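All values reported here derive from a predicted model rather than from experimental measurement. Just so you know, ligand 1 is whichever comes first in the structure, and atom 1 is the first atom listed for that ligand. Worth knowing before you read on, the calculation uses all heavy atoms, side chains too, and leaves out hydrogens, waters and symmetry mates.
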Amino acid sequence: MVTFSKDIGSSFFFKNRSSVWEFRCEFSHLQSWVIILSMRKSGPQKQYLLFAFPYPSGSGLHVGHVESMTALDIVARFCRMQGKEVFFPIGWDAFGLPAENYAIKTGIHPSETTSKAIETFKRQIKSIGVSYDWDNELSTCDPDYYHWTQWLFLELYEKGLAYQKEGKVNWCPSCQTVLANEQVVEGKCERCEHQVIQKDLKQWYFKITDYKDELIEGLDEVDWPEATKQQQLNWIGRKEGINIEYQVEGVSAQQVITCFTTRPDTNFGATFIVLAPEHEFAQKVARGEIKPDRDGDATCLAVKAYVEKSARKTELERQAEGRKKSGVFTGFYVKNNLNGRKIPVWVSDFVLGGFGTGAVVGVPGHDLRDFEFAQEFGLDVVRVVVAKDGDESPITRTDQVQEDEGIMVNSEFLNGLEIKTAITKMMDHLEEKGWGKRVVTYRLRDWLISRQRYWGAPIPIVYDPDGNPHPVKEEHLPWLLPDDVDFNPKGKSPLESSREFIERTERLYGQGWRPEFDTMDTFVDSSWYYLRYTDPDNDQEFASKEKLAQWLPVDFYMIGPEHIVLHLLYSRFFTKFLRDQGYLKFNEPFIKMRHQGMILGPDGRKMSKSKGNVINPDDVVEKFGADTLRMYEMFMGPIETDKAWNVNAVAGIFRFLERVKKLTSGEAKKSGKKGTTNTQLLKLLHQTIKKVEEDIAQLKFNTAIAALMKFVNAWESQADPGLTDDEVIVFLKLLAPFAPFIGQDLAQDIAGQEFNIHESDWPSWEAEMIKEKVVTVVVQVNGKLRGELKVEADQVADQDSIIEQALELPRVKKWMTGKQIIKQIYIQGKIVNLVVK
Ligand code: ANZ
């Protein structure tokens, strides 16, 4: 029976096991009948499960991969048994540095090592029984794939979202190569430990900043861990503040320094200005274009030396917390309009050129970095905020720096106000006077995608003889990565050494034309693979509209918590861009996401070859079988936490599976475990179905396994009568997603070779079966436990009778003597609390 709302044109749905029927109908107001306008079977519910595709490293699959692969495989198998249509693809993030570095060392071409590594990964994954859709496999280094990576570049180029400009890169003078940020460790090259410098090179950028606000808003749409959302927000770094203008004194032409601040409330406490070494005013002084009256030449030289020295530092180094502050005085002063105070202008590399305006107004009493700077150079510290304790003493130690909360003092019209109110009032004041302007700034920068590397997708750009860039024509895609390349680093892009690449460009575009020699950051490859999965062999488009509509967005993404910030930001950017071009119909690519924890070595430390604590999944499979490996990893603890390997516990899981085999094997059945239904055991079986079902849905694999273990214990101890064949199959269905090989083998022994447990239906539990017939109600007097009542489940609603019985309990009577009941509280089926006096 279906009831309708009196809406015109409403839809209603019927669901059966695998499909949803949608009826669009119209309800007539005059007559009480319904016109069915259309009937549509929307098909089984789709479930796109995404595993963060691995980099096929030479060392093969590790137990961390097994963890997330197994977790998703359990969900995939469970969903299929529930009749959902599951899409569970796999591929390879196959371009990248390790293969190239290996090639530099050994001379073996990256394509050779990569395809070998992929073969190893495939063999290993198949050995642990992950039910991937192998038909949709892809590899980012395959020309069929990077054809579309290059197409994406050209789409962005055409829309003005891929552009070229000079930019700073990390450069190792010893290796003669550009390094990614992750390859710079404490300012040194990860490989040769040489000091890394910053170098200006013309680079390609993607204009991700066009989407900065949408990248913030979209986070409301997704079910992701809060910490991950926060990381995205921090990276985008939206800040509301104000730009305050300061006139430089003693310079003939008008010079203004604009400082960005989020804390203008503290401005009565400003005692200096600090410029980033890249700031235009600092550069002018360094070049001697502007000289202070006193010691002009010497000051300019000192500023020049300082600016040059900081150019050799990476941004990370400059921002390192606790680093001793360095700096140089420019010899100039500005006037603080608020109080007429003359304040000195310094240059220091803790101020970043690319954030805000590259100039900071120093308030050392209320900002730690400013305080450290003031201490270093003996600059004044003025208190303008007091904490709740009312302490107004001078600030002389770092622990006295009052950053976040308090009341304004020494600040004229702000005195007595809370910081928040003072910020607004000061902003209004500065704007009114024309000394400042409210602004919103972002930390997010455009995405630098050029890499002077070999093993990546060539940027599909060619230059005419005058050096102007032109897009590679679509008919020339894939724009192939040449093979005749010397990948030994020589300070230039390795592709410059390819004759074939240059000849090809001249043949297709004309004499004197040159290809772009840089390749794309591998993040470009890995930020759209989930779209290509749906249609990996399509040579007309990156994926057909139908396939995209069928599967996307991704319903569930499982990805490690490390290194995800940029990948997720870039994937979201591509999605939004392709949506705007009409290719996609959704805003966010990954609806739900969770992160797996790390599997640590038996010593509790991160696994690494040098520590000798690496567990090789192949060894575990060989000794105990794939089912044990899978189940053990799922039993180690909650999926999202870090867990240490325990050799004995692996053997424990092996023994558990052996017990299951024994219980279901012919031998055990002969000894009386087959036949009449054991109602108590059957009841527990139904409870187990419910528990495993709920736990898988919540990714609580360890507790689902614990429930299976509890059931097996009961099954062993209640030998006679055991379970019928059908009931054994039900148990095996619960086990099969975790232990697919044993689950299938044991089920076939009972149901015959034709039977495929993984294609069977998930069992249903009956509410009647799992209901406890008798419930325990605890009885408290004044909140203390004084007794228990056993009540028939169908009697729990009878409050009066239950309280009556509670009052009859001897211990309750004892605690009631001479007292009066003030209040009776009954929580149905659980607690009676008698409040007495
Ligand atoms: C004055 C001030 C007083 C600030 C105070 C803070 C506290 P957060 O701190 O993350 O909100 N800033 C501005 N531009 C900068 C740059 N290019 N490099 C380094 N630091 C810069 O970020 C905003 C604050 O960072 C700004 O507010 C500025 O210091 C600093 F009690 O200005 B504040």
Does atom CD of Glu221 have more than 12 heavy-atom neighbours, drawn from other residues, nucleotides or ligands, at distances under 6.0 Å?
-> yes
Checking heavy-atom distances from atom 15 (C) of ligand 1 to each of Thr261, Val384, Asn234, Val360, the winner is Val360
On the ring face of Tyr205, is Lys165 found with NZ or CZ under 6.0 Å from the centre and within 45° of the axis?
-> yes
Distance filter under 4.0 Å to Arg369 heavy atoms, resulting ligand 1 atoms = 19 (C), 20 (N), 25 (O), 30 (C)
Would you check whether His366 has a nitrogen or oxygen atom less than 3.5 angstrom from a nitrogen or oxygen atom of ligand 1?
-> no
Any N/O of Leu352 closer than 3.5 Å to an N/O of ligand 1?
-> yes
Taking only Lys NZ, Arg NE, NH1 and NH2, and the carboxylate oxygens of Asp or Glu, determine whether Glu214 and Lys576 approach each other closer than 4.0 Å.
-> yes
Hey, are Lys420 and Glu418 close enough for a salt bridge, meaning a charged N less than 4.0 Å from a carboxylate O?
-> no
Based purely on interatomic distance, does Phe355 place a nitrogen or oxygen under 3.5 Å from a nitrogen or oxygen of ligand 1?
-> yes
Which ligand 1 atoms, with their elements, are less than 4.0 angstrom from a heavy-atom of Phe260?
-> 13 (C), 26 (C), 28 (C)
Val351: numbered ligand 1 atoms lying under 4.0 Å from its heavy atoms = 16 (C), 17 (N), 18 (N), 19 (C)
Answer yes or no: is there a side-chain heavy-atom contact under 4.5 Å between Val347 and Val274?
-> no
For Arg263, the atoms of ligand 1 under 4.0 Å from one of its heavy atoms are 2 (C), 3 (C), 5 (C), 6 (C), 7 (C)
Any ion pair linking Lys388 and Glu405 (charged N to carboxylate O, less than 4.0 Å)?
-> yes
Less than 3.5 Å between some nitrogen or oxygen of Lys239 and one of ligand 1, yes or no?
-> yes
Regarding Trp528 and Thr149, is there a side-chain donor-to-acceptor distance under 3.5 Å anywhere?
-> yes
Identify, by atom number and element, the atoms of ligand 1 in contact range of Val363, meaning under 4.0 Å from any of its heavy atoms.
-> 3 (C)
Just checking, any donor-acceptor pair under 3.5 angstrom between side chains of Tyr442 and Asp213?
-> yes
Under 4.0 Å from a heavy atom of Phe350: give me the atoms of ligand 1 that qualify, with their elements.
-> 19 (C)
